[in-house]
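In what follows, a structure is listed as structure tokens, so that the remarks can point back to it.
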Amino acid sequence: MTLPILLFFVFAGIAVGGALSLIFAREPIHSALALILVMVALAVLYLLMGAGFISAVQIIVYAGAIMVLFVFVIMLLNAGVENRTQHSIMARWLGIPLAVFLIGDLAYWMARGAHALPLAERSGSLAAGPVSTQDLSLHLFQSYLFPFEITSILILIAVLGAVVLARREP
Amino acid sequence: MEFVSHHAILVVSVVKIAVLLFIVLTALAYLTWFERKVVAHIQSRLGPVFTGPHGLLQPLADGLKFMFKEDVTPPGADRFVYVLAPLLSFSLAITALALIPFGPGTISILGQQKPLAIAHVSLGLLFLFAITSIGVYGVALAGWSSNSKYPLLGGLRSSAQMISYEVSLTLSVVGVLLMAGSFDFDSIIQSQSGRWLGFIPRWNLIPQIVGFLCYFTAALAETNRAPFDLPEAESELVAGFHTEYSSFKFAMFFMAEYANMITVSCLATVLFLGGWLSPLSSSWHWAWYLPSLLLILGGLATIVDGIWKMRGLARVILPFMGVVLIAVGLLCTRPGVIGVVQGPFWFLLKVFFLLFFYVWARGTLPRLRYDQLMDFGWKLLLPVALANLVITSLVVLLVNR
């Protein structure tokens, strides 16, 4: 077993374990911590596939910014231990079949794609090898300009919404 | 030996990590001594004097004291998170240093040519930000898990402050990125080589002076240092997020803070002060002997000080240290060594200079109020960093055309 494969299994295991403890933890902060762990493990997996930029941005944006806000809000509200409702009818009759379907679907496509190229070779220059700022900006501001602008507007809307909510008179 | 030759990369990495860890931990300890001395002299005091000559054994005494103190966990604390927080703070602060290149070129260890950094990553700057951006959790979680009101307030303040200033910190660096066109620390430093008018070094400090000032201010806030040390404002919050911590866990927060100071100063050196580039012309051959000269002069001063001003054991120890310094200084004139020490010498000199500024700021500036802090960050620092970014991109565009 080579080192990358070994690392893949270690960090895939961490990601799955983190995701499970995210669901099963009773304390909201523990759930948030588990989610951060999942994100960091995913970043390492991206790195193993040769996508260094995505890996770094995953940590900076998700683990370093968004999750900080989550933790901040949980701390500010001092959210207590969750109460478990016993059985949700929705979860039993809809959730379990959906979960089985999702896992089956993923397993099917993975089995079919087992011989496909590694991600690094398929997704072009952004993933493989060192990234120059020029490559990056060409992709961001030429090839993917429209999605980029749409995302910016989406974020702007969220910011405006936050300002409106914060300014509302009591 | 078979193992060593087969896994040379692993072995060399472990050796480099061990060496850097040793150096950094010692530097951390003596940074506390340095800070106490400098702040004391700014305030017309003497600072530590009793533990060893000039209080030089004070860090050791502090470390031992922290190790042997009772380790209290407050009742009602979330044990797992309570232990995790200092570990997270400290390990992240140390990890970030692995990316910093301390010198140019390579040195040969076990027959392998290795760069003077633990990890040479082409996306170095991004990964450094990735590591430091997770550092907030140490402080925030420490505040939450202590189950006490002052730590919680300190943790909340700290996360809000760090998020706010991280924006300006990142934006102030983008100007340098635009000029260098790379995330790689080596290329960023190389892009600053050469001179204007034959004598002014082409460091990013001059065209990016606004960026540098923004960076340095934001960095003060990011590392929770005075005048932005609101998370631990003792007049309002006892000691902020680490109020409930004792013994070595408390020490780990302090070590993390000082390690962050070193990281931030190293990054400022790489980005704005030309990294390991010498400010002096390479045609001046005497400049190569500056490291030795400095060490020998320091050694002589130590000997004189030890023999004439000290009493007791210090009369032996200080001259001995002086002799060691002179020996190292003479070693640095050897043909094989003199080339290798140039890069690290200039790098460390610049880092030391920035650290002195840090301490200076703490010794002179009063702490901001919380609303002043937020106003300053969002209404002054961020617009200035943005304007700097816009102007830099315009200039880069016009020059490259």
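Here is the naming used below: chain letters follow the sequence lines, and residue numbers restart at 1 for every chain.
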Any donor-acceptor N/O pair, B/Y137 side chain to A/L33 backbone, under 3.5 Å =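 Checking the backbone N and O of A/L33 against the side chain of B/Y137, no donor-acceptor pair under 3.5 Å is found.
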Under 4.5 Å from a heavy atom of chain B, the part of A/V71 involved |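 Just its side chain gets close to chain B.
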Contacting region of A/V40 [heavy-atom separation from chain B under 4.5 Å] |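 Just the side chain, heavy atoms under 4.5 Å.
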For A/I60 against B/L126, the heavy-atom pair lying closest together |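 Shortest heavy-atom contact: CD1-O, 3.6 Å.
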Which atoms form the tightest heavy-atom contact between A/A56 and B/A130, and what is the distance?
->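 Minimum heavy-atom contact is O-CB, 4.0 Å.
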Begin with the C-alpha distance, continue with both residues' side-chain angles, and end with the deciding distance and a verdict on side chain to side chain contact (heavy atoms under 4.5 Å, CB included) for A/V57 and B/F129.
-> CA-CA 9 Å; A/V57 168; B/F129 277 135; over 6 Å; no
Flag the one option from A/S55, A/G64, A/A65 with the top tally of heavy-atom pairs under 4.5 Å to chain B.
->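 It is A/G64.
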Tell me, out of A/V68, A/I59, A/L69, who's got the most heavy-atom pairs with chain B below 4.5 Å.
->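 Answer, by heavy-atom pair count under 4.5 Å with chain B: A/V68.
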Could you measure the distance from the [atom1] atom of [X] to the [atom2] atom of [Y]? Nearest 0.5 Å is fine.
X: B/S133; Y: A/M67; atom1: OG; atom2: CE; value: 12.5 Å
X: A/M39; Y: B/I134; atom1: CE; atom2: CD1; value: 11.0 Å
X: B/W144; Y: A/E27; atom1: CH2; atom2: CD; value: 4.0 Å
X: A/I36; Y: B/L88; atom1: CD1; atom2: CG; value: 8.5 Å

Heavy-atom contact with chain A under 4.5 Å, split by part of [X]:
X: B/L84; value: side chain
X: B/A160; value: both
X: B/L156; value: both

For A/I54, does the CD1 atom have more than 12 heavy-atom neighbours from other residues, nucleotides or ligands under 6.0 Å away?
->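 No.
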Quick check: are there more than 12 heavy atoms from other residues, nucleotides or ligands sitting under 6.0 Å from CZ of B/F80?
->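 Counting other residues, nucleotides and ligands, CZ of B/F80 stays at 12 neighbours or fewer.
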A/F72 side chain near B/V136 side chain, heavy-atom distance below 4.5 Å =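 A/F72 does not reach B/V136 side chain to side chain.
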Do you know which of B/V81, B/D184, B/L141 has the most heavy-atom pairs with chain A at a distance under 4.5 angstrom?
->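 Of the candidates given, the most pairs with chain A belong to B/L141.
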